[in-house]
Structures are given as C-alpha cells and as structure tokens.
Amino acid sequence: MVTASEEYNFTSFSKLPFYTKVNERLLDLAEVGKQRKIVDLGCGTGGITKLMLERLQSAKETVIYAVDHSTTALKVAAEEIGERKDVAINYVHSEVQNLTGAVKDKVDAVVYCNSIHYVPEKTVLIHQIKEKLLQNGIFAFNTSFYEGSHPDDSLLFFRKWMMRSLRILKREYGLSADKSQKVESRVQLKAQDYIDLVENAGFKVLVNDFNRVEVPHEGWHHISGFSDWIEGVMPGVPLDIGREVLQKGLAQIWEEMQLKTVPRVWLSVSAAKIKREKKKEKSIRK
C-alpha cells in the first residue's frame, strides 16, 4: 500500500535534469570530491549521494553518511546505489535535528540540499553541524524557498496560476484554501538571514551564490504533486484535490501565456568552520 507521504513526495521533481544541475553546482562549490568524511543530510532516495560518488577523487579513503528520516527512502537509496566495495556508505535513519547522536564521527563536510527551509530551529541545527565538523570543515546548503527566489519576471505567472487554480477549486469542489495555516517551508527567510545564521554560528562564508534557473513545465507540474508545495499554496485542501487543481490551472495558464520556462533563483551557500580568536582582556592597573 502506498502511503500519502510516498505518493506526494519530492522524488519525481528531484530526478529532473535541471534540478540535478542545481545540486551539482552546490557540490562543486563545496569541493565535495576532495573531502573524506561527508554527511549527505536529508539524503532522500540517494540522488545527491550518487552525485557525490561521481566526484570522489579517492573513493577508497572516503565514507559517506546518508542520513534521512524515512526508512523507505533509505531503502530505495541503498537499492539504487547498490553495493560499493570502493567506498563506505552508511545509511543512517534519523531526523536531521538529531545529527549529533546519529553520526558519531567528526566529518569534513555536511551537505544539505534544498531542505533547510523545513527546519523550525535552524540555529540549533547549524550549531549541531558545526560541532560535527572538523576544523575548516565545510557546511554547504541550498534552497529555493527564501524571500527573493521568485524573480520579478515570474510573478505574473504565479499570480495567474494561483488565481486560476483557486477558481477551479471553488467551482469544481466548492472549497477554499485556509490561509491561516502555513507550513514551515512557506515561512521564508531572506538570503541575508541565512548568511547571518551561519556566520553567527562560527562559520566563514566562502560562497554565497544566486543561481537563476529556467524551470520547464514538467518542473512546475511535478512540484504541484509535492505535499509541502500543495500545503503551502493551498493550506487545508486535501492533497489529491490540491494536486489536481494546481496541475489543471498550470496547464491552462502555461498555454495561455505561451511559456517555455519560468525562472526561479536558488541560493547556494558554502561555509567553513573557523576557529574564533579569543578576545584579549585588557589589564587594568590601579
């Protein structure tokens, strides 16, 4: 039996070529291939883990910790990646907020792809990541859920799409979205807020990258079947109905506007754990 979380997950979207390129960019910015102990935080079904494996320069000396809260996703990742004798891959079942207990070793890098926006206590998580890293270790993450991810030239599309979908929802199902409900991913920070979070935790930001990506129709179609997206733009609406009206509204607006792609901007950050210098106390002579 397929559960709701499995049916309305991120997998279809995550396999699209443009999204793979987005994450390849982050791994390259973080120079993942040079690292020896790496955490793939929120690994899902292993898409990022595979990209890491492609970049390793000394696989025999490398350990990857693939961490995810879903046992189903970890099982799929292990099956798709298969047995690797040239590199150690440890599949770890844990919530990302329990990183300290889930991974015992100190590591060279922690990579967190397109998920940090879900975490309510971001400061707590970032401090856990810092404690898990070796000195000068790398923390790299990206997100497209932040204030500024929608360029100005995409806003007309979004307004039309949402308005059309809400009309379909009302006309065909007699329902309206409950805007008083809001999932964590829709409570969006600014890009500078993320920079401040990592710097205040004791990291030095090495790369602060804004990557404008032209997302094709299939990208918006698949994201319309993702539970967090549905709950974000149509809170309180049953997932199956939300998916249907969003995809129907999308198809209509896409054709009417004669679109080929709609842009979205990914924020990618790569930061190094640094040693803070202790402030020298001034001696006071009486």
Side-chain angles (χ1 to χ4, degrees), residues 14 20-70 73-116 119 122 124-143 194 197-199 201-209 268-276:
S14 68
T20 298
K21 290 181 180 178
V22 166
N23 291 316
E24 286 177 337
R25 184 183 181 100
L26 177 67
L27 296 183
D28 291 341
L29 291 174
E31 298 185 327
V32 165
K34 297 180 180 180
Q35 314 301 339
R36 293 294 168 263
K37 291 185 177 181
I38 310 167
V39 174
D40 180 5
L41 195 59
C43 68
T45 54
I48 306 302
T49 313
K50 289 180 182 178
L51 296 178
M52 289 179 177
L53 291 169
E54 293 172 3
R55 283 159 173 72
L56 296 182
Q57 296 176 7
S58 300
K60 290 183 179 180
E61 301 174 9
T62 302
V63 178
I64 295 178
Y65 299 90
V67 180
D68 202 86
H69 72 281
S70 169
L74 289 172
K75 182 179 179 181
V76 172
E79 290 173 350
E80 291 196 0
I81 292 171
E83 186 176 351
R84 293 286 298 255
K85 295 182 179 180
D86 59 328
V87 60
I89 306 175
N90 296 331
Y91 297 96
V92 182
H93 178 225
S94 173
E95 297 288 344
V96 297
Q97 295 93 328
N98 298 331
L99 179 62
T100 301
V103 177
K104 303 300 182 183
D105 294 339
K106 292 276 188 175
V107 300
D108 299 296
V110 176
V111 178
Y112 196 23
C113 285
N114 216 49
S115 295
I116 195 169
V119 180
K122 295 176 179 62
V124 174
L125 174 63
I126 292 171
H127 277 281
Q128 282 196 45
I129 290 170
K130 180 191 172 187
E131 293 305 311
K132 191 54 56 181
L133 285 168
L134 293 164
Q135 194 63 36
N136 299 316
I138 299 296
F139 171 39
F141 67 90
N142 61 7
T143 178
Y194 281 107
L197 282 171
V198 295
E199 289 184 337
F203 287 90
K204 178 182 179 181
V205 173
L206 305 176
V207 180
N208 179 17
D209 179 66
S268 296
V269 176
S270 179
K273 175 181 175 179
I274 59 174
K275 192 172 185 178
R276 289 183 182 272

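Closest of all the heavy-atom pairs between Ser270 and Ala30 is OG-CA, 3.8 Å. Among all heavy-atom pairs drawn from Thr100 and Lys132, the shortest one is O-NZ, 3.4 Å. Minimum interatomic distance between Leu197 and Ile126 (heavy atoms only, all atoms of both residues): CB-CD1, 3.8 Å. Considering all non-hydrogen atoms of both residues, Cys43 and Thr49 come closest at CB-OG1, 4.0 Å. Among all heavy-atom pairs drawn from Ala271 and Phe203, the shortest one is CB-CB, 3.8 Å. For Gln35 against Glu31, the heavy-atom pair with the smallest separation is NE2-O, 3.3 Å.
Put simply, CG on Leu51 and CG on Asn23 are 7.0 Å apart, with the number rounded to the nearest 0.5 Å. Summarising the geometry, atom CD1 belonging to Ile81 is positioned 9.0 Å from atom OG1 belonging to Thr45; distances are rounded to the nearest 0.5 Å. A distance of 4.5 Å separates OH in Tyr194 from OG1 in Thr143, rounded to the nearest 0.5 Å. Here the straight-line distance linking atom CG of Leu41 with atom OG of Ser115 works out to 8.0 Å at 0.5 Å rounding. Between the OG1 atom of Thr62 and the CZ atom of Arg36 there is a distance of 4.5 Å, given to the nearest 0.5 Å. Here Lys204 contributes atom NZ and Asn136 contributes atom CG; the two are 9.5 Å apart, rounded to the nearest 0.5 Å.
Residues Gln97 and Val124 form no side-chain contact, since every pair of their non-hydrogen atoms from C-beta on lies 4.5 Å or further apart. Side chains of Val269 and Val207 form no contact here, defined as non-hydrogen atoms less than 4.5 Å apart. When side chains are defined from C-beta on, Leu206 counts as touching Ile138, because their heavy atoms get closer than 4.5 Å. Using a 4.5 Å heavy-atom threshold, the side chains of Ile48 and Leu26 count as separate. Looking only at side-chain heavy atoms (C-beta outward), Phe141 and Ile129 stay at 4.5 Å or farther from each other.
Counting heavy atoms of neighbouring residues, nucleotides and ligands inside a 6.0 Å radius, atom NE2 of His69 does not exceed 12 of them.
Listed by first and then second residue, the salt bridge (Lys or Arg N to Asp or Glu O under 4.0 Å) pairs involving residues 89-108 are Lys37-Asp105 (not counting sequence neighbours).
Between the Glu199 side chain and the Val205 main chain, no donor and acceptor come within less than 3.5 Å of each other. Within the 3.5 Å criterion, the main-chain N or O of Leu74 finds no donor-acceptor partner in the side chain of Asp68. Of the possible donor and acceptor atoms, one in the side chain of Lys273 sits under 3.5 Å from a partner among the backbone N and O of Lys130.
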Residues Val96, Leu99; criterion side-chain contact (heavy atoms from CB on, under 4.5 Å); working and verdict: CA-CA 5 Å; Val96 297; Leu99 179 62; over 6 Å; no
Could you check Val63 against Ile38 for side-chain contact (heavy atoms from CB on, under 4.5 Å), going step by step and ending with a plain yes or no? CA-CA 6 Å; Val63 178; Ile38 310 167; over 6 Å; no
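Only one option out of Met52, Gln57, Glu54 pairs with Val32 in a side chain to side chain contact (heavy atoms under 4.5 Å, CB included); it is Met52. Applying the side chain to side chain contact (heavy atoms under 4.5 Å, CB included) test between Val67 and each of Asn98, Val103, Val110, Asn90 identifies Val103 as the sole match.
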